[in-house]
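Structure, as C-alpha cells:
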Amino acid sequence: MNDCVIACQTLRDELLFTMGEAGLEKDVVWIESGLHNTPKKLHARLQETLDIIKGYERVFLVFGTCGNSVLGLKTANFELVMPRVDDCISLLIGSPQKREEIAREDAAYFLTEGWMRGERNLWVEYQYSVKKYGREQADEIARIMYGHYRTLGLLDTSASPVEPLVRSTKVIADTFRLEQKIIPATTAYILELLSGPWPEDRFIVKPPYSELLTTDLILSSALT
C-alpha cells in the first residue's frame with residue numbers, strides 16, 4: 001500500500017520516533033502548528049494538501065478534530081484514516097477519556113516539547129500581551145484564561161528526554177503559579193494509526209471521494 005502521512009509539526013518528535021521504532025517508511029507532509037489558532041485557516045491548509053498530493057492509496061491524518069477544522073475535508077482517489085480524538089493531547093495520552101480523567105484530577109494544562117516549539121503557544125501569547133498591554137494587564141488576562149488550572153502537565157512520551165521540557169517550562173509554571181507535573185504519555189496510538197487495524201471507536205476511516213461529516217467526528221466516548 002502506497003501511503004502518505006499529513007501531520008502537525010507539534011507531533012514531529014513523536015511521529016518520527018514511532019516510525020523509527022517500528023521501521024516504517026512513509027512520506028510525511030508537515031502542517032504548521034500555529035494554524036490551530038484559526039480553524040478556518042487550518043481547514044484550508046489541510047484541504048489544499050489533500051488536493052495536491054498524488055499517487056497515494058491511503059492518507060493518514062495525524063491530527064485530532066481540532067475545533068472541527070477537519071469538518072468538510074474531501075478525499076480524492078485515496079482512503080483517509082485519522083484518530084478519533086479531539087486534539088494531539090488526547091492522542092498522546094491514549095484517548096479523550098484518559099485525557100479528561102487526568103485533567104479533572106490535576107486541573108492540568110498540558111504541554112509537550114513540540115508545543116513549546118509552536119509558533120503560537122501559551123507562552124508566546126503571554127509575551128505578546130506583556131508587550132502590548134504591560135505586565136499587570138497581561139497577568140490579569142492570564143488569570144482570567146488560565147486561573148482554573150493548578151498543574152502544568154508535561155507529557156513524557158519517551159520520544160525525547162523530558163528533563164529539558166521541565167527546565168524550559170519552569171518560568172511558565174512560576175508565572176502562572178502552576179505546579180509542574182510529569183504525565184506519562186505514549187506513542188502507541190500513533191503506531192496503531194500507522195499500522196492498523198482501525199476499529200470504529202478509535203479511528204475515523206473515509207473511503208475515496210468522500211467528505212468528513214459531522215457524524216464522523218463523534219468521539220469514542222459517545223460510541224460506547
Sorted by chain and residue number, the side chain to side chain contact (heavy atoms under 4.5 Å, CB included) partners of E48 (sequence neighbours excluded) come out as R45
Taking atom CG of N2 and atom CG of D27, what is their separation to the nearest 0.5 Å?
7.0 Å
Over 60° means perpendicular and under 30° means parallel, so tell me whether F176 and Y146 are parallel, tilted or perpendicular.
perpendicular
Side chain to side chain contact (heavy atoms under 4.5 Å, CB included) partners of L213, counting only residues at least two apart
E211, T215, D216
Side-chain polar contacts of residues 101-110 - donor-acceptor pairs under 3.5 angstrom, sequence neighbours left out - could you list them?
residue, atom, partner, partner atom, Å
D106, OD1, K181, NZ, 3.0
D106, OD2, K181, NZ, 3.3

Hey, is the main chain of P207 close enough, under 3.5 Å, to the side chain of T75 for a donor-acceptor pair?
yes
Can you find a pair of side-chain heavy atoms, one from S129 and one from Q137, that are under 4.5 Å apart?
no
Side-chain contact, heavy-atom cut-off 4.5 Å: L50 with I6?
yes
Not counting sequence neighbours, which residues clear side chain to side chain contact (heavy atoms under 4.5 Å, CB included) with D86? List them please.
T65, S90, P96, R99, L219
Tell me, with the steps shown, if L152 and E179 meet side chain to side chain contact (heavy atoms under 4.5 Å, CB included).
CA-CA 6 Å; L152 197 63; E179 177 188 357; over 6 Å; no
Hey, is the main chain of G153 close enough, under 3.5 Å, to the side chain of T151 for a donor-acceptor pair?
no
Distance check, rounded to the nearest 0.5 Å: I31 atom CD1 versus L42 atom CG?
7.5 Å
Over all heavy atoms of both residues, which pair between T175 and W123 is shortest? Give the atoms and the distance, please.
OG1-CH2, 3.5 Å
Are the side chains of L11 and Q9 in contact, using a 4.5 Å heavy-atom criterion?
no
Is the number of heavy atoms from other residues, nucleotides or ligands within 6.0 Å of CZ (R143) greater than 12?
yes
Looking at side-chain heavy atoms only, is the closest gap between K74 and Q47 below 4.5 Å?
yes
All pairs passing salt bridge (Lys or Arg N to Asp or Glu O under 4.0 Å) where residues 147-157 contributes a residue, at least two apart:
none
Measure across P39 and G67 and return the closest heavy-atom pair with its distance rounded to 0.1 Å.
CB-O, 4.0 Å
Are Y133 and L122 connected in a single hydrophobic cluster, I mean Ile/Leu/Val/Met/Phe/Trp/Tyr linked by side-chain heavy atoms less than 4.5 Å apart?
yes
Measuring from atom CD1 of I141 to atom CD of E125, what distance do you get when rounded to the nearest 0.5 angstrom?
10.5 Å
Give the intermediate values and the outcome of side chain to side chain contact (heavy atoms under 4.5 Å, CB included) for residues E57 and D3.
CA-CA 6 Å; E57 298 173 70; D3 299 333; 5.5 Å; no
Return yes if some donor-acceptor pair links the side-chain N/O of S95 with the main-chain N/O of L91 below 3.5 Å, else return no.
no
Any salt bridge between D139 and R177, counting N to O under 4.0 Å?
no
Rounding to 0.5 Å, atoms CG (L46) and CE (M82) come to a distance of 9.0 Å
Considering all heavy atoms of both residues, which atom of F203 and which atom of R84 are nearest to each other, and what is their separation?
O-NH2, 3.2 Å
Below 4.5 Å, heavy atoms only, C-beta onward: do L71 and L212 meet side chain to side chain?
no
Any residue meeting side-chain hydrogen bond (donor to acceptor under 3.5 Å, both in side chains) with E113, in chain and number order, not counting sequence neighbours:
none
Side-chain donor-acceptor distances from residues 157-167 under 3.5 Å, at least two apart:
residue, atom, partner, partner atom, Å
T157, OG1, A159, N, 3.3

Residue pairs passing the ring pair (Phe, Tyr, Trp, His ring centres under 6.0 Å) test where at least one lies in residues 62-81, sequence neighbours excluded:
H36-F63
Between L193 and P83, the two heavy atoms sitting closest are CD2-CD, 3.9 Å
Holding to side-chain hydrogen bond (donor to acceptor under 3.5 Å, both in side chains), I want the full list of residues that pass it with T169, two or more places apart in sequence or in another chain.
Q180
Pair L92, T186 - check side chain to side chain contact (heavy atoms under 4.5 Å, CB included), show working.
CA-CA 5 Å; L92 296 178; T186 178; over 6 Å; no
If you take all heavy atoms of K26 and L194, which pair is closest and at what distance?
CE-O, 3.8 Å
Pairs involving residues 187-198, ordered by first then second residue, that meet salt bridge (Lys or Arg N to Asp or Glu O under 4.0 Å) (sequence neighbours left out):
E192-R202
Mind checking salt bridge (charged side-chain N to carboxylate O under 4.0 Å, His left out) for K170 and listing every partner two or more places apart, or none if nothing turns up?
D174
Going from CH2 on W30 to CZ on R12, what distance comes out if it is rounded to the nearest 0.5 angstrom?
4.5 Å
Is there a path of hydrophobic side-chain contacts, each under 4.5 Å between heavy atoms of I/L/V/M/F/W/Y residues, joining V171 to Y128?
no
Kindly give the heavy-atom pair with the smallest separation between F60 and R58, and that separation in Å.
CZ-CD, 3.3 Å
Let me confirm one number: the OG1-CD1 distance from T112 to I89, rounded to the nearest 0.5 Å.
5.5 Å
Would you indicate whether the side-chain heavy atoms of L155 and I93 approach each other to under 4.5 Å?
yes
What side-chain donor-acceptor pairs closer than 3.5 Å can you find for residues 14-25, not counting sequence neighbours?
residue, atom, partner, partner atom, Å
T18, OG1, E14, O, 2.7

